[in-house]
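Scroll down for the structure; my scribbles are underneath it.
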Amino acid sequence: MKTIKVLKWITGSIEFMAIVPVYGLVLIFIPYSFTVMAAVHLLVLLLAKKSGLPIAGNLVGIAASLMIFYTPWDWFFHLIAAILITREASLMKSSSSDQSTVFFNA
């Protein structure tokens with residue numbers, strides 16, 4: 001669960017950066033940046049679902065990553081995704097018996 005929490009904080013932070021005009025424009029010009037973000041959101045979504053954790057923020061994040069050319073809606077979706085993902089990460093409790101770290105340490 002600790003790994004999922006860290007991944008949620010990372011994806012939520014990147015979503016917050018995407019709503020800032022300067023950073024958002026930089027992300028547009030990095031090749032495949034939104035495809036990579038959609039894939040990362042999908043990975044976090046699958047790990048969270050497997051662990052029984054909330055997935056709504058990452059679903060909205062995937063939608064935001066896929067609608068990069070619809071600027072007003074894209075900004076709104078990035079904002080909602082950032083809020084949801086960071087809220088989900090902040091509400092997660094850390095446990096000492098973390099099963100998700102076994103997945104990454106194998």
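Computed from a predicted model, the values in this text were never measured in an experiment.
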Which atoms form the tightest heavy-atom contact between [X] and [Y], and what is the distance?
X: Pro54; Y: Ala48; result: O-CB, 3.8 Å
X: Ser65; Y: Met37; result: OG-CB, 3.7 Å
X: Leu47; Y: Ile4; result: O-CD1, 3.5 Å
X: Met92; Y: Lys5; result: O-NZ, 3.2 Å
X: Ala82; Y: Gly12; result: CB-O, 3.9 Å
X: Met67; Y: Ala63; result: CG-O, 2.9 Å

Reported [atom1]-to-[atom2] distance for the pair [X] and [Y], which is rounded to 0.5 angstrom:
X: Phe77; Y: Leu84; atom1: CZ; atom2: CG; answer: 11.0 Å
X: Asn58; Y: Glu15; atom1: CG; atom2: CD; answer: 8.5 Å
X: His41; Y: Leu46; atom1: NE2; atom2: CG; answer: 13.0 Å
X: Leu91; Y: Leu53; atom1: CG; atom2: CG; answer: 11.5 Å
X: Phe16; Y: Ile83; atom1: CZ; atom2: CD1; answer: 5.5 Å
X: Leu42; Y: Ile55; atom1: CG; atom2: CD1; answer: 10.5 Å

Linking I/L/V/M/F/W/Y whenever any side-chain heavy atoms sit under 4.5 Å apart, do Ile10 and Ile85 land together? no
Hey, mind stepping through Leu66 and Phe34 against side chain to side chain contact (heavy atoms under 4.5 Å, CB included) and telling me if it holds? CA-CA 7 Å; Leu66 296 178; Phe34 288 98; over 6 Å; no
Main chain of Lys8, side chain of Glu88: is a donor-acceptor contact present, judged purely on distance under 3.5 Å? no
Could you tell me whether Phe76 atom CZ has more than 12 heavy atoms of other residues or ligands within 6.0 Å of it? no
Which of Val40, Val6, Leu45 passes side-chain contact (heavy atoms from CB on, under 4.5 Å) with Thr11? Answer is Val40
